[in-house]
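Every heavy atom of this structure was used, including side-chain atoms; hydrogens, water molecules and symmetry mates were not. Just so you know, ligand 1 is whichever comes first in the structure, and atom 1 is the first atom listed for that ligand.
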Amino acid sequence: MTAVINPATEAVVAQVAATSLEDTDAAIERAHVALASWRAVAPGDRARLLRRFADAVDADVENLAQLEVSNSGHTIGNARWEARNVRDVLHYYAATPERLLGKQIPVPGGVNMTFNEPLGVVGIIVPWNFPMPIAGWGFAPALAAGNTVVLKPAELTPLTAIRLGELAAEAGIPPGVFTVLPGKGSVVGQRFVTHPAVRKVVFTGSTEVGKQIMAGCADQVKRVTLELGGKNANIVFADSDLEKAAATAPYGVFDNAGQDCCARSRILVQRSVFDRFMELLEPAVAGVVVGDPAAEATEMGPLISAEHHDRVAGYLDDGTNVAFRGSAPDGPGFWFPPTVVLPSGPTDRIVTDEVFGPVVTVLPFEDEADAISLANDTEYGLSGSIWTNDVGRALRVSRAVEAGNLSVNSHSSVRYWTPFGGFKQSGLGRELGPDAALAFTEVKNVFIAT
Ligand code: TAP
């Protein structure tokens, strides 16, 4: 049994049994056996089952949200958004079974057709920072495309995934089609990589483990989607609405206590407005409401664990030039205040590493070329923001920044209608959007001589 801890109180909220290797194998076998019957479900009926699953999630939003507050320390507002996101993603991909259109391609001597065939069993490995949405972004399109799914939540945050598994069963998703397997990455997750019946691994987590997964999958030429780390730039030009850029910057990085692969953890500010920006940023950071995640007004909760707290704290020492900090409650709980750092330069560890906590660095830049160069000076490439009132500049910089998800005059990263994923070491493949279900299919080409 693994104790599940509330990171805001350090109280044990549940005990969850870790799935053994034998039970993982048995679940993969059941998923493999269930493939034929799931595939045989008529497209319209598969769509209806996914909509019923979405409705079951909808009816359970408050319960799921409260579970996430107590397991992950997410603010109640965020947790409700996350549960509704699973519902919306299920509804969105419920349209897929009836629209998985192949092609008829003109060729001489016959008729040529393509089919989008399901891959088989898909293994989904989820991190602790967004347990619900990241699970849904994998299982909804995978199921819609006719695959069966085994899903491993993070050991720290299994509760909402377990509940989603129950809701799927209540909605009528057949046994073996969607199975949640709480347990260790080194046991359950690793078995997804090595078991020959698992045809694709969807992994979201650290770049370090993602590389191991990719290397492991190479052995069987297994398909992979990887959503990995980020060190995203928030570029503020002098010609922007500086008040708005400063007022929103804390929410671009401190949301979910900075435990967000899309956190804009490097603010780059044009030198001519640097001092003014910092004057505006200070009260904005002080205004972030940090505390009890169950309280409606709270904007930032705790870090996920004591170990992670120590890791984040390890980025700050006596020599760190902290410009200012927000507030945080005293223990119990793994609290860390919003922290703004003025580094000595772009090569400081705190600028280059993904801290994954409520810590942001602010650096000046001279001109557009300098901003682009600094933004791209990282092995990551997930997201970023560009603040400017010049449309031409917004487009030029958006095209030049090497990242998968950019927003202009906003910090929005995730819209389920649009593709999401990383450049460089931030990942491989795209989730969400109109094409994500295709990543769970193989294209088969059939020629009939006439
Ligand atoms: P990891 O330590 O990489 O863990 C992620 C998941 O992988 C967990 O379920 C973990 O299981 C499992 N795992 C660990 N070792 C494994 C192995 N050898 N084989 C198979 N599975 C294994 O990441 P984390 O610390 O939980 O999450 C934070 C990271 O995720 C950050 O770098 C963040 O940027 C990234 N992230 C990226 C995105 C996107 S969309 N790009 C979104 C969210 C998070 P255990 O629970 O047993 O450790």
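For atom 2 (O) of ligand 1, the closest heavy atom belonging to the protein is S206 OG, 4.0 Å. The protein heavy-atom contact nearest to atom 38 (C) of ligand 1 is C261 SG, 2.9 Å. Among all protein heavy atoms, the one lying closest to atom 5 (C) of ligand 1 is T204 O, 3.7 Å. In terms of protein heavy-atom proximity, atom 27 (O) of ligand 1 is closest to P127 CB, 3.5 Å. Of all protein heavy atoms, the one closest to atom 11 (O) of ligand 1 is K152 NZ, 3.1 Å. The nearest protein atom to atom 48 (O) of ligand 1, hydrogens excluded, is given as E155 OE1, 4.4 Å; this is a heavy-atom distance. Protein heavy atom closest to atom 13 (N) of ligand 1, with residue, atom name and distance, is G185 CA, 3.6 Å. G205 O, 3.1 Å is the protein heavy atom nearest to atom 35 (C) of ligand 1.
Polar contact with ligand 1: absent for I134 (N/O pair, distance under 3.5 Å).
Residues passing the salt bridge (Lys or Arg N to Asp or Glu O under 4.0 Å) test with R84, sequence neighbours excluded: none.
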Please table the atom pairs, donor to acceptor, closer than 3.5 Å between any side-chain atom in residues 321-333 and protein atoms at least two apart or in another chain.
unit_1	atom_1	unit_2	atom_2	d
R325	NE	T339	OG1	2.9
R325	NH2	T339	OG1	3.1

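Across the listed options Q190, E227, E431, Q190 owns the non-hydrogen atom lying nearest to atom 19 (N) of ligand 1.
Of the N and O atoms on the side chains of T225 and K200, at least one donor lies less than 3.5 Å from an acceptor on the other residue.
With a heavy-atom cut-off of 4.0 Å, E354 touches ligand 1 through its side chain alone.
Using a cutoff of 4.0 Å between basic side-chain nitrogens and carboxylate oxygens, E68 and R163 are not scored as salt-bridged. Using a 4.0 Å cut-off between charged side-chain N and carboxylate O, E117 and R39 make a salt bridge.
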